[in-house]
Amino acid sequence: MHFDAIGRVPGDPILGLMEAYAADSNPRKFDLGVGVYKDALGLTPILQSVKLAEQRLVERQTTKTYIGGHGDAAFGKVINDLVLGADNALIGQQRAGATQTPGGTGALRLSADFIAHCLPGRGIWLSNPTWPIHETLYAAAGIKVSHYPYVGSDNRLDVEAMLATLELIPKGDVVLLHACCHNPTGFDLSQDDWHRVLDVVRRRELLPLIDFAYQGFGDGLEQDAWAVRLFARELPELLITSSCSKNFGLYRERTGALIVCAGSADKLLDIRSQLAFLARNLWSTPPDHGAAVVATILGDPELKSLWADEVEAMRLRIAQLRSGLVEALGPHGLGERFAHIGVQRGMFSYTGLNAEQVKRLREEHSVYMVSSGRANVAGIDATRLDLLAAAIADVCVS
Ligand code: LMR
């Protein structure tokens, strides 16, 4: 039979946790797995700004015909402005263009096809560790995947080791950097570190690809774009993948963009023609709804300000959960050991817990997190921090 030789692959290590958590009948369970924001009630609500934009769309939308290969032009404009800053010279010079994609993953996949087809032979360098899908996605496009060190075995950011490896990357290769809220570790580069990375990238003539999936969840909407804008200002060419999954809460609407900054307006047109061709072979034209919501929100000053307040509220809640957890671990004598949770940024924390401890947390305490020790801090229930701390202490000391 045709299918006889086909075996089974293991389920996705992150999405699989959603199912395992749902199937757990323990009322005291904790969902610290997939990167989804939860509010004080443990819900992932639709943002108010999104609801209002959707109502407008229902009333005003007149057609469901295809949108073009690059998606909705209004979305492309607002997302360029959000990421690069509306006053960015590149936008005026028509050297930056956004292609709408199905989520940040779609943007990454389009970047992979772009590299494979238009820059053949270039390898890509990922941080060790990185989001597991970075690994498989570029390999699936036939690109050679290599790694630069990022976090050492002591669970600390190791910038010196990172820079030393960047120095050795062959000229022309692509280096993937996380703009902020590094997934999975939560450890971000300082501004000084970014300047040093920029220096190597420029000298070694590397092509940077900045994954920007968490704008607004680190230090603020503008602050989180600092490194992206530095690179866009200092280098002629840059790829950026942007996601609206987290900061607009549009997880299932699959809304994102691949932004290309090119050396000239004419070169950008060349590249965009290639991206439209590649996208046509991937998904033809992107899904509309989420992007239409984002364009509606960012195109309306009142909705935009409501949205920015909602993002800030999510960001502050995550920051409070971080310090709250470190505090709750204090009475167990673990405050110092887990102090890094308060320093990290964004949804994720590389806790430093090993796979055996993660397994015990899940089996004995119904605490779900990725086996690498990554916890989604945004999934913590603030009213049960003590219970979570006690569970962590139990697997650390016994
Ligand atoms: C995560 O890392 O948990 C999120 O980015 C969701 C995903 O697709 O893996």
Side-chain angles (χ1 to χ4, degrees), residues 9-22 29-39 42-44 101-112 126-140 145 150-151 176-188 209-218 224 240-258 282-283 286-287 290 311 314-315 318 321-322 341 344-351 353 355 358 361-362 367-380:
V9 291
D12 182 86
I14 297 176
L15 297 180
L17 283 174
M18 286 178 91
E19 287 156 36
Y21 173 82
K29 61 188 177 179
F30 281 92
D31 180 10
L32 313 185
V34 69
V36 167
Y37 176 84
K38 293 193 183 182
D39 65 13
L43 304 171
T44 304
T101 57
T105 310
L108 291 162
R109 180 62 212 215
L110 185 57
S111 79
L126 310 175
S127 64
N128 182 21
T130 195
W131 185 47
I133 312 307
H134 285 151
E135 311 273 357
T136 48
L137 183 148
Y138 289 99
V145 175
Y150 193 72
V151 164
L176 189 149
L177 302 158
H178 299 227
C180 66
C181 310
H182 184 270
N183 182 5
T185 68
F187 287 113
D188 283 346
L209 189 166
I210 305 189
D211 191 1
F212 199 10
Y214 298 92
Q215 185 172 5
F217 276 35
D224 290 349
I240 307 159
T241 53
S242 163
S243 170
C244 303
S245 298
K246 324 285 167 163
N247 53 11
F248 286 85
L250 288 168
Y251 302 92
R252 64 171 65 164
E253 305 297 352
R254 312 312 299 141
T255 308
L258 173 62
L282 284 168
W283 47 73
V311 178
M314 291 192 278
R315 186 184 79 79
I318 296 170
L321 286 167
R322 285 186 176 282
I341 295 176
Q344 295 160 334
R345 287 283 181 278
M347 296 178 119
F348 303 120
S349 169
Y350 226 37
T351 56
L353 294 167
V358 170
L361 273 173
R362 175 175 162 173
V367 176
Y368 289 78
M369 63 174 78
V370 184
S371 61
S372 62
R374 186 195 84 169
N376 171 27
V377 179
I380 296 175

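What you see is a predicted model, and the numbers here were worked out from it, not measured in a lab. Scope of the values below: all heavy atoms of this structure, side chains included, with no hydrogens, waters or symmetry mates. Every number for a ligand or one of its atoms is a count from 1 in the order of the listing.
Within the 4.0 Å heavy-atom criterion, the part of Arg374 lying near ligand 1 is the side chain and not the backbone. By the criterion of a heavy-atom distance under 4.0 Å, the side chain of Asn183, and not its backbone, is placed next to ligand 1. Residue contacts with ligand 1 for Tyr214 involve side-chain atoms from C-beta outward but no N, CA, C or O (heavy atoms, distance under 4.0 Å).
Under the 30°/60° scheme for interplanar angles, the aromatic rings of His134 and His178 are found to stand perpendicular.
Of the residues listed (Tyr150, Trp131, Phe187), the one engaging His182 in a ring pair (Phe, Tyr, Trp, His ring centres under 6.0 Å) is Tyr150, and it is the only one.
Considering only non-hydrogen protein atoms, atom 8 (O) of ligand 1 sits nearest to Trp131 CZ2, 3.5 Å. What sits closest to atom 6 (C) of ligand 1 on the protein, heavy atoms only, is Lys246 NZ, 3.7 Å.
For the pair Met347 and ligand 1, no heavy-atom separation below 4.0 Å is found.
Note that Lys246 lies outside the cation-pi zone of Tyr251, set by a 6.0 Å cut-off to the ring centre and a 45° limit from the axis. Geometrically, Arg374 engages Phe348 in a cation-pi contact defined by less than 6.0 Å to the ring centre and at most 45° from the axis.
A 4.5 Å side-chain heavy-atom check between Leu176 and Asp211 finds at least one atom pair inside the cut-off.
More than 12 heavy atoms of other residues, nucleotides or ligands lie within 6.0 Å of CZ in Arg254, so this atom counts as buried by the packing criterion.
Here's the thing with Ile14: none of its N/O atoms is less than 3.5 angstrom from an N/O atom of ligand 1.
Taking every heavy atom of Val34 and a limit of under 4.0 angstrom, the matching atoms of ligand 1 come to 3 (O), 6 (C).
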